[in-house]
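Structure record follows, encoded as structure tokens.
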Amino acid sequence: MLDIKVIRKNLAWAKEKLATRGIKAAKLDQLVEIDAKRRQAISESEQLKAQRNDASAAIAAAKRQKQDASAAIAAMRTVGGKIKQLDAAISELASQQQDLLLRLPNFPADSDPIGPDESYNEEVRKWHETTTFNFKPLAHWDLGTKLDILDWDRAAKVSGARFVYYKGAGALLERAVFNFFLDENTKAGYTEIIPPYLVNDHSMQGTGQFPKFREDVYTIVDNDDPDKPLDLTLIPTAEVPLVNYFRNEIIHGEKLPINVTALSPAFRSEAGSAGRDTRGLIRMHEFRKVEMVKVCRPEESWNELDKLIHNAEHLLQKLGLPYHVVALSTGDASFTSAKTFDLEVWMPAQDKYREISSCSNCTDFQARRAQIRYRDDDGKLHLAHTLNGSGLAVGRTVAAILENYQNQDGTITVPEALVPYMNGMTKIVKETSLI
RNA sequence: GGAGGAUUACCCAAGUGGCUUAAGGGAACGGUCUUGAAAACCGUCAGGCGGGUUCUGCUCGCGCGUGGGUUCAAAUCCCACAUCCUCCUCCA
């Protein structure tokens, strides 16, 4: 959430910044107008309350001395009515203001490439030449099916489109990948967490998914009354329970920066992406992801963003997967982010890079929504900055390994870093059928 | 899912409508004493958010789990919800 005071004081600047994210100037005019009315009403109400408090003290004193106070009581009755009216108006204005504010994205950083969509993203650096083959590489979904380690048909039968079974060496590979990630992240100083995978609406609002992106997630309903949603949503990313761990907390300054990592399933409705990436592991309703989250002081957050990206890059480098780093444009970056770098891994069969990690500095945007604060040496409270990044998306990593490490005979060479995690297995060969 | 009980500061806890500007104790912090420490004694210790402002100060409002309500006036009375505890039921 943006700070209304910042918008109020720097209206022209705010309009210009948010225009690059597709927000119309009229929205901000409307916002500051409501804010002005609200503050006016607060001022009036509080004057009356001060008056009422004085009168109440006088009434109490009179009563104690057994004197009559009925005139003062009658006078206060009308004041009380006015206060009630003003307070109702204030809460209506406050909720209008909140509704508008909750739907405004974060201010983009000055360094963000300006543009409405991903075509304005800028490549920052590239690691390793893209993989070449002396045969035509297969897509990971074909490799997975031929090896009988990924089963799309039975997942479609059991759950529907965009679900998959991992089997045998496939399941082992998935497990090897996430255990490798968790171990590496822990070595890099992140504390491992196993969070809840269902969270309440306050948490979804705290990290910025609600109210704007309700249609992107799965919310649990009451079985006795399916029209009634329960206050529980399947997490679309571990970022939600990790960041909300700190919600409404005051952190000791010396604890910062805090680094946490978690493996979790991620559930996404993929509303609006019909027809895109319909095959393979790229776009699933349910996938596993290892997430990294940082909570830090404002002055550290840009440096911490660099560290976060390097932590994610380190994983791809150890796996030997070619990738590049892309700075997202103002229009492509996520709602909560001031600056986002995507890591895109090379997918040979598709002959292009695909997103495998998204590393963002959310500045104080989530901290203000979620009230994540710290007390520093000066004894004062400050909003923290929050950062998040995938480290990494597990299914997409498996897809990249299958495609980049495939051999002409259809087997997969296991990346060296994963061999210990695969119980010494160096090559994935065709599984025997279960049925 | 059912029945009871609870929720006040870092911890324990008093407080059943107006002299509560929320008692008291412990912890913590500062000081006196001491070579140093302990003890004793003295002091500080109810957070924070919001409004106004001539702006690092002053002032007003709100703050006793959360949100409503009653009242001239609510920690205190009423309603709803959340969380925790005990018991029953169910359960990996």
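Letters go in sequence order (proteins before strands), and every chain restarts at 1.
- In A:Lys430, the NZ atom is crowded: over 12 heavy atoms of neighbouring residues, nucleotides or ligands sit closer than 6.0 Å.
- Remark: the separation of the C1' atoms in B:U8 and B:A13 is 9 Å, to the nearest Å.
- Under the rule for a side chain to side chain donor-acceptor pair (under 3.5 Å), the partners of A:His314 that lie at least two apart in sequence or sit in another chain are A:Glu184.
- Within 6.0 Å of the CG atom in A:Asp222, the count of heavy atoms belonging to other residues, nucleotides or ligands exceeds 12.
- Counting non-hydrogen atoms under 4.0 angstrom, A:Arg8 reaches the backbone sugars and phosphates but no base.
- Side chains of A:Gln205 and A:Gln209: no donor on one and acceptor on the other come within 3.5 Å.
- Between A:Glu249 and A:Arg373 no salt bridge is recorded (no basic side-chain N to carboxylate O distance below 4.0 Å).
- Minimum heavy-atom separation, A:Gly280 to A:Trp141: CA-CE3, 3.6 Å.
- No more than 12 heavy atoms of other residues, nucleotides or ligands lie within 6.0 Å of OH in A:Tyr245, so this atom counts as exposed by the packing criterion.
- Using a 4.0 Å cut-off between charged nitrogen and carboxylate oxygen, A:Asp277 and A:Arg162 do not count as a salt-bridge pair.
- A distance of 6.0 Å or more separates the ring centres of A:Phe107 and A:Phe365.
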Atom pairs, N/O to N/O, protein against nucleotides 67-74 of chain B, distance under 3.5 Å?
{"unit_1": "B:U70", "atom_1": "OP2", "unit_2": "A:Lys84", "atom_2": "NZ", "d": "2.7"}
{"unit_1": "B:C72", "atom_1": "OP1", "unit_2": "A:Arg77", "atom_2": "NE", "d": "2.8"}
{"unit_1": "B:C72", "atom_1": "OP1", "unit_2": "A:Arg77", "atom_2": "NH2", "d": "2.7"}
{"unit_1": "B:C72", "atom_1": "O4'", "unit_2": "A:Ile73", "atom_2": "O", "d": "3.3"}
{"unit_1": "B:A73", "atom_1": "OP1", "unit_2": "A:Arg52", "atom_2": "NH1", "d": "3.2"}
{"unit_1": "B:A73", "atom_1": "O4'", "unit_2": "A:Ser56", "atom_2": "OG", "d": "3.4"}

List, with names and distances, any nitrogen or oxygen atoms from the protein found under 3.5 Å away from nitrogen or oxygen atoms belonging to nucleotides 76-81 of chain B.
none

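- No engagement by A:Ile250 is indicated, since no non-hydrogen atom pair under 4.0 Å with the nucleic acid exists.
- A:Asp216 has no carboxylate O lying under 4.0 Å from a charged side-chain N of A:Arg268, or vice versa, which leaves the two without a salt bridge.
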query: In dot-bracket, 5' to 3', how would RNA chain B read with Watson-Crick or G-U wobble pairs under 3.5 Å, [ ] for crossing ones and | for pairs to another strand?
result: ((((((((.[[[..)..(.....]]].(((((.......)))))...((((((...))))))..[[[[[..)....]]]]])))))))....
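- In this structure, the nucleotide among B:G48, B:G52, B:G18 sitting nearest to the side chain of A:Ala60 is B:G18.
- Aromatic ring centres of A:Trp152 and A:Phe163: separated by at least 6.0 Å.
- Atom C1' of B:A14 sits at a distance of 41 Å from the matching atom of B:C90, rounded to the whole Å.
- Using a 4.0 Å cut-off, no side-chain N or O of A:Asn53 falls inside it from OP1 or OP2 of B:C60.
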At a cut-off of 3.5 Å, list every protein nitrogen or oxygen paired with a nitrogen or oxygen from nucleotides 55-58 of chain B, distance to 0.1 Å.
none

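- Straight-line distance between the C1' atoms of B:G18 and B:C11: roughly 31 Å, to the nearest whole Å.
- For the residue pair A:Arg369 and A:Arg103, the shortest heavy atom distance occurs at NH2-N, 4.5 Å.
- Partner of A:Leu392 under the side chain to side chain contact (heavy atoms under 4.5 Å, CB included) criterion, out of A:Leu316, A:Asn185, A:Val177, A:Val345: A:Leu316 alone.
- A pairwise comparison of heavy atoms in A:Lys289 and A:Ala238 identifies NZ-N, 4.1 Å as the closest pair.
- Taking 4.5 Å as the limit, every side-chain heavy atom of A:Phe246 sits out of range of all side-chain heavy atoms of A:Thr386.
- A sub-4.0 Å separation between OP1 or OP2 of B:G61 and a side-chain N or O of A:Arg39 is absent.
- Across B:U86 and B:A23, the matching P atoms stand 32 Å from one another, rounded to whole Å.
- Of the residues in residues 41-51 of chain A, those with a non-hydrogen atom less than 4.0 angstrom from any atom of RNA chain B are A:Ile42, A:Ser43, A:Glu46, A:Lys49, A:Ala50.
- Taking the C1' atoms as reference points, B:G17 lies 12 Å from B:C72, given to the whole Å.
- Minimum heavy-atom separation, A:Val158 to A:Tyr165: CG2-OH, 3.4 Å.
- Spacing of C1' atoms, B:C12 relative to B:U66, comes out at 24 Å, to the nearest Å.
- When the nearest nucleotides of RNA chain B are assigned to A:Ala57 and A:Arg373 by heavy-atom distance, the more 5′-ward of the two goes with A:Ala57.
- Residue A:Arg375 places at least one side-chain N or O closer than 4.0 Å to OP1 or OP2 of B:G48.
- Rounded to the nearest Å, the gap between the P atom of B:C64 and that of B:U7 is 14 Å.
- A 4.5 Å side-chain heavy-atom check between A:Thr397 and A:Ile356 finds at least one atom pair inside the cut-off.
- Between the CG atom of A:Asp54 and the C1' atom of B:G61 there is a distance of 12 Å, given to the nearest Å.
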